[in-house]
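In what follows, every chain begins at residue 1, and chains take the letters A, B, ... in the order their sequences are listed. Side chains are part of it too, since the values below use all heavy atoms of this structure and drop only hydrogens, waters and symmetry mates.
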Amino acid sequence: MKTDTASRSCGMPIPTPDGEFIAYYSGQGLCRLEFPSGTKQRKRKAGLARPSAPIRAWHAAASKALRLALAGQPSKKLPPLDLSGGTDFQRRVWRTLRKIAWGRTWSYAQVAKAIENPKAVRAVGSACGANPIPVLVPCHRVLAANHKLGGFSGGLAWKRRLLVREGNPGGRAS
DNA sequence: TAAGTGCGTCGTT
DNA sequence: AACGACGCACTTA
């Protein structure tokens, strides 16, 4: 079942050494994070209302956390994450992903076991692919059982890069 | 070893 | 009914 979440604000850019990410916020917190897309994103149009104070605070926190993560450091403080926009199954998966410690990796099967649905391995993969907040919700820490990389919605290069920066050479499980 | 095939399984569309 | 960010057994080279 899917619970529809509140309205989403327009995207707010997060400049990083790896490019400009785009963050989206709902009334509950950060609800989406997009990797830099080669093509120019449309930025906030001039004349649009300045984001509300809580959103500005969340955006500051998200920006800081993201830059830390990209620098290979665990981020201490995260903004509230609005993961309400997903099915029950997906939310269970995403909640589990957040338990994977920095610098460690799980297999898709391990995640399936953790949500007490051990046979839903492949579905777990789909749910990871649907993760709306990559990097901060560390779906990149999930590898295939054969210790190979598996897939990544943002492109395998990103997955490798994130793993390596967390200290996983080449993307090997721990 | 490495790479490819087939099939079970399950959530989503 | 078809499709996957899987896992496993098994076959080939």
Side-chain angles (χ1 to χ4, degrees), chain A residues 1-8 11 14 16 18-24 26 28-39 41 62 65-75 78-79 81-174:
Chain A
M1 241 217 26
K2 194 178 281 199
T3 76
D4 233 351
T5 192
S7 58
R8 293 175 183 173
I14 302 182
T16 80
D18 293 289
E20 185 178 270
F21 288 66
I22 310 287
Y24 297 82
S26 72
Q28 319 303 312
L30 175 64
C31 62
R32 197 152 65 97
L33 184 61
E34 287 176 0
F35 284 101
S37 70
T39 74
Q41 296 275 346
L66 177 61
R67 294 198 191 94
L68 273 173
L70 293 178
Q73 296 182 241
S75 34
L78 291 181
L81 306 184
D82 177 6
L83 294 174
S84 62
T87 64
D88 290 334
F89 179 84
Q90 289 168 333
R91 288 197 301 268
R92 286 202 301 277
V93 171
W94 299 339
R95 178 160 39 94
T96 302
L97 297 184
R98 300 190 62 189
K99 296 183 185 166
I100 307 180
W102 184 93
R104 314 222 19 184
T105 62
W106 290 16
S107 69
Y108 293 95
Q110 240 173 311
V111 175
K113 194 172 302 181
I115 63 174
E116 294 178 320
N117 198 338
K119 290 190 265 193
V121 180
R122 200 157 184 178
V124 163
S126 297
C128 288
N131 170 23
I133 312 181
V135 186
L136 267 28
V137 174
C139 58
H140 59 277
R141 296 186 190 141
V142 186
L143 307 185
N146 49 13
H147 294 281
K148 293 182 88 66
L149 211 47
F152 197 66
S153 54
L156 288 179
W158 268 113
K159 189 169 186 173
R160 266 189 295 269
R161 189 184 310 177
L162 292 168
L163 287 169
V164 167
R165 290 182 187 176
E166 289 187 4
N168 285 296
R172 281 304 196 258
S174 56

Can you check whether A:F152 reaches A:L163 side chain to side chain, under 4.5 Å on heavy atoms?
no
Mate of C:dC6 across any strand shown (Watson-Crick or G-U wobble, both atom pairs under 3.5 Å) is B:dG8
When rounded to whole Å, the CZ to P distance for the pair A:R91 and B:dG11 reads 15 Å
Here the distance between atom P of C:dC8 and atom NE2 of A:H147, to the nearest Å, is 10 Å
When rounded to whole Å, the CG to P distance for the pair A:N146 and C:dA9 reads 13 Å
Under a 4.5 Å cut-off applied to non-hydrogen side-chain atoms, are A:W158 and A:P36 in contact? yes
Taking a pair to mean Watson-Crick or G-U wobble geometry with both distances below 3.5 Å, C:dA1 pairs with B:dT13
In whole angstroms, the gap separating P of C:dC6 from CH2 of A:W106 amounts to 18 Å
Whole-Å distance, A:Q90 CD to C:dG4 C1', equals 13 Å
Any non-hydrogen side-chain atom of A:E166 less than 4.5 Å from a side-chain atom of A:T105? no
Here the distance between atom C1' of C:dA5 and atom CD1 of A:I100, to the nearest Å, is 13 Å
NZ or CZ of A:R91 within 45° of A:W94 ring axis and under 6.0 Å | no
Exercise. For A:Y108 and A:R122, what are the C-alpha separation, side-chain angles and deciding distance, and is it a side-chain contact (heavy atoms from CB on, under 4.5 Å)?
Worked result: CA-CA 8 Å; A:Y108 293 95; A:R122 200 157 184 178; over 6 Å; no
When rounded to the nearest 0.5 Å, the distance separating OG of A:S153 from NZ of A:K159 is 9.0 Å
In whole angstroms, the gap separating P of B:dT9 from NZ of A:K113 amounts to 17 Å
In whole angstroms, the gap separating P of B:dA2 from NZ of A:K148 amounts to 8 Å
The correct set of residues in residues 114-136 of chain A placing a heavy atom under 4.0 Å from DNA chain B is A:N117, A:K119, A:A120, A:R122, A:A123
